[in-house]
Amino acid sequence: MLKVRFAPSPTGYLHIGGARTCLFNWLYVRKLGGKFVLRIEDTDVERSKTEYLEEILESIKWLGMDWDQIHYQSQRFDIYREYAQKLIDEGKAYKKDGAVFFKYTFSEIKINDLVRGEIMFNELPKEEEVIIKSDNSPTYNFSCVIDDALMEINCVIRGEDHISNTPKQILMYEGLGFKVPEFAHLPLILSPSGGRMSKRFGATSIREYKQDGYLSQAIVNYLLLLGWAPGDNREIISLDEAKNIFDIKKVNKAGAAFCMDKLNWVNSEYIKNKNIKDLTQDVINYLQSKEFLPQDIDSNYVQKVVELFQGRMVKLSDLLDWGRFCFYDDYAYSEETKDILDKNLSKEVSVLMEKFSSMDSFDKDAIEKEFRNAAQGLGLKTRDLVHPVRVALTGRKVGPGLFETIEVLGRQEVVKRLKRLCEYWEN
RNA sequence: GACCCCAUCGUCUAGCCUGGUUCAGGACACCGCCCUUUCACGGCGGCGACGCCGGUUCAAAUCCGGCUGGGGUCGCCA
């Protein structure tokens with residue numbers, strides 16, 4: 001049976017690279033069938049934090065993935081020491097300065113890699129490796145090998161940065177008498193400029209993207225595209241579908257630069273294509289997490305607002321500023337509306353208000369008809385009336401379609417805001 | 001520096017394994033036009049790549065070698 005694992009270290013939040021490694025493991029095992037093990041590599045007690053652990057698990061779930069088993073290395077120290085002792089007894093390791101060193105002789109090592117094919121090592125920089133530190137805790141390479149063997153992991157999918165660890169790990173498998181698993185080394189995700197992913201490049205943790213208004217489905221989809229393509233030119237692929245068509249042999253070998261523009265595009269696609277109920281729920285959750293929504297807000301109203309912005313939103317956070325006028329009327333007319341506000345249309349706007357007040361039904365089609373008639377009757381081009389009205393209602397020069405906006409805000413609110421503009425002109 | 005990996009438009013990629021159907025297809029970004037009450041959406045069009053040099057071959061983006069460039073690793077971190 002296929003068994004793979006994702007082995008995060010809870011010394012930081014789940015970042016983009018880790019999320020993709022997790023994703024490719026998950027896709028591979030869910031497609032072929034098998035078990036997915038989550039192994040928490042918390043051997044560095046100093047740096048490991050439960051806060052990080054919780055966030056990592058939460059992020060994985062949020063992205064839509066699950067696991068079959070979870071293990072914690074911090075609970076397995078006895079096992080590592082036991083195997084270290086075994087190696088000492090067999091003369092393959094020795095103790096020095098309180099640490100245990102694994103000795104190896106080296107000829108050449110061949111890795112058969114699922115994404116890269118054969119990788120040959122002709123020499124190694126050292127002839128021994130610490131496996132148990134002097135504080136009695138295991139080193140990464142040792143606990144990793146012991147656990148992968150004991151947990152019967154037969155395919156190790158991890159980042160390319162582990163390629164150079166692989167030969168010494170293979171030597172350990174052999175020294176311990178374990179079967180060597182298959183390996184698949186994924187290309188690294190590079191910073192937007194193509195260099196090393198660094199702290200300089202801001203948001204790299206999944207939680208930050210979530211807080212920034214990205215949809216989990218969009219992040220997963222984008223990550224999927226970083227190093228893999230279905231081959232038929234499609235870009236929008238759900239996790240569920242990816243599960244069926246993913247092929248690890250088609251993963252690229254070259255590192256991929258992270259592109260925010262493309263992520264944004266994918267996110268906007270998901271926003272556009274999501275059904276309104278689900279999107280509204282996402283929006284409500286998001287806006288609540290930002291403590292943005294007024295206390296007594298009606299979810300039907302939020303849905304109306306979401307409909308207004310669905311086609312023009314890139315991130316949910318766009319609602320925080322572009323959609324603010326839908327929830328608050330405390331805005332000031334922005335600086336760039338000055339040229340529109342220069343023309344006093346107080347009389348015309350008043351006429352419009354009258355018309356609005358006397359309408360029977362206040363839906364967008366009726367509003368549009370009434371609005372156009374009013375403009376014509378006043379000898380104005382529609383746009384000459386549209387612009388100031390938009391400023392009145394939103395405080396801005398740009399926004400969603402005006403007639404829909406009027407419908408969403410409702411007659412009472414619209415009239416109130418139009419009055420405010422007239423007062424502005426009169427003073 | 002040593003070891004290892006990689007190399008198609010600015011970016012993500014298809015094609016490369018099984019050489020000719022490709023003066024290289026798609027997407028993002030960018031530019032232009034159309035639609036239009038603004039901004040977007042959408043539609044149409046444009047710009048733009050096989051890193052270089054050699055070899056193999058009738059024929060190379062596709063196979064081989066070198067060079068160059070980028071990346072990774074060289075911790076009693078993981």
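Heavy atoms only: backbone and side chains are in, while hydrogens, waters and symmetry mates are out.
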Next item on the list: Between B/rA7 and B/rC16, how far apart are the P atoms? Round to whole Å, please.
Entry: 14 Å
Check: Which one of A/W228, A/Y209, A/F258, A/Y270 satisfies the ring-ring contact (aromatic ring centres under 6.0 Å, His included) criterion with A/Y222?
Finding: A/F258
Next item on the list: Could you tell me whether A/R76 sits above the aromatic face of A/Y72, with NZ or CZ closer than 6.0 angstrom to the six-membered ring centre and within 45 degrees of the axis?
Entry: no
Notebook entry, point to check: When syn is taken as a glycosidic angle within 90 degrees of 0, is B/rC41 syn or anti?
Noted result: syn
Note to self: By nearest atom, which of the nucleotides B/rG15, B/rC5, B/rU38 is closest to the A/K250 side chain?
What the structure shows: B/rG15
Notebook entry, point to check: Is there a Watson-Crick or G-U wobble partner for B/rG65 with both distances under 3.5 Å, and which nucleotide is it?
Noted result: B/rC53
Check: Expressed as a whole number of Å, how far does the P atom of B/rG46 sit from that of B/rA24?
Finding: 13 Å
Check: Got a second to check how far A/R417's CZ is from A/I406's CD1, nearest 0.5 Å?
Finding: 11.5 Å
Notebook entry, point to check: Want to settle it: does A/P187 or A/R372 sit nearer the 5' end of RNA chain B, counting the closest nucleotide to each?
Noted result: A/P187
Margin query: Of the options B/rG26, B/rA78, B/rC5, whose atoms approach the side-chain atoms of A/N141 most closely?
Written below: B/rA78
Margin query: Please classify the nucleic acid contact of A/E235 as base, sugar-phosphate, or nothing, using heavy-atom distances under 4.0 Å.
Written below: base
Next item on the list: Look at all strands and tell whether A/S137 reaches a base, only sugar-phosphate, or nothing, counting heavy atoms closer than 4.0 Å.
Entry: nothing
Margin query: Under a plain distance cut-off of 3.5 Å, with no hydrogens placed, do A/S361 and A/D363 share a side-chain donor-acceptor pair?
Written below: yes
Notebook entry, point to check: When we call it a touch if two heavy atoms are under 4.0 Å apart, what does A/M313 touch: a base, just sugar-phosphate, or nothing?
Noted result: nothing
Next item on the list: Quick one: do A/K168 and A/E129 satisfy salt bridge (Lys or Arg N to Asp or Glu O under 4.0 Å)? Show the steps, please.
Entry: CA-CA 8 Å; A/K168 52 191 170 199; A/E129 200 70 33; 3.7 Å; yes
Notebook entry, point to check: Between B/rA2, B/rA78, B/rC5, which one does the side chain of A/I119 approach most closely?
Noted result: B/rC5
Checklist line | Closest listed nucleotide, where the reference is the side chain of A/D261 and the choices are B/rU38, B/rA29, B/rC76 | finding: B/rA29
Check: In whole Å, what separates the P atom of B/rG25 from that of B/rA49?
Finding: 11 Å
Notebook entry, point to check: Does a nitrogen or oxygen in the side chain of A/R196 sit under 4.0 Å from OP1 or OP2 of B/rU73?
Noted result: yes
Notebook entry, point to check: Choosing from B/rC12, B/rG75, B/rU38, which nucleotide comes nearest the side chain of A/H387?
Noted result: B/rU38
Margin query: Nearest to the side chain of A/V398, heavy atoms from C-beta on, is which of B/rA2, B/rU38, B/rC77?
Written below: B/rU38
Checklist line | salt bridge (Lys or Arg N to Asp or Glu O under 4.0 Å) assessment of A/R234 paired with A/D232 | finding: CA-CA 6 Å; A/R234 283 179 318 134; A/D232 57 5; 3.0 Å; yes
Item checked: A/E90/A/K86 under salt bridge (Lys or Arg N to Asp or Glu O under 4.0 Å): CA gap, chis, key distance, verdict -> CA-CA 6 Å; A/E90 290 170 359; A/K86 184 173 171 250; 3.8 Å; yes
Next item on the list: Establish, yes or no, whether the cationic atom of A/R47 lies under 6.0 Å from the six-membered ring centre of A/Y52 and within 45° of the ring axis.
Entry: no
Margin query: Using OP1 and OP2 only, check whether a side-chain N or O of A/T139 sits under 4.0 Å from B/rC77.
Written below: no
Next item on the list: For A/K381, answer base if it contacts any base atom (sugar-phosphate contacts may also be present), sugar-phosphate if it contacts only those atoms, and nothing otherwise; contact means non-hydrogen atoms under 4.0 Å.
Entry: nothing
Check: Is B/rU73 paired to anything, Watson-Crick or G-U wobble with both distances less than 3.5 Å, and if yes, which nucleotide?
Finding: B/rA2
Next item on the list: Check the surroundings of atom CD in A/E241: do more than 12 heavy atoms from other residues, nucleotides or ligands lie under 6.0 Å from it?
Entry: yes
Check: If you check every side-chain atom of A/K133, which of B/rC4, B/rG72, B/rC76 has the closest atom?
Finding: B/rC76
Next item on the list: By nearest nucleotide on RNA chain B, pick out whichever of A/D135 and A/C259 is the more 5' one.
Entry: A/C259
Note to self: Does a side-chain N or O of A/N165 approach OP1 or OP2 of B/rC4 to a distance below 4.0 Å, or not?
What the structure shows: no
Notebook entry, point to check: Which part of the nucleic acid does A/A99 contact within heavy-atom distance under 4.0 Å: base, sugar-phosphate only, or nothing?
Noted result: base
Next item on the list: With a 4.0 Å heavy-atom cut-off, tell me which residues in residues 77-95 of chain A come close to RNA chain B, sorted by residue number.
Entry: none
Margin query: OP1 or OP2 of B/rA2 versus the side-chain N and O atoms of A/N122: is any pair under 4.0 Å?
Written below: no
Notebook entry, point to check: Which value, in whole Å, describes the distance between the P atoms of nucleotides B/rC50 and B/rC12?
Noted result: 16 Å
Check: Counting any heavy atom closer than 4.0 Å, what does A/R47 reach on the DNA or RNA strands: base, sugar-phosphate only, or nothing?
Finding: base
Next item on the list: May I ask which nucleotide in the shown strands pairs with B/rC23, Watson-Crick or G-U wobble, both distances under 3.5 Å?
Entry: none
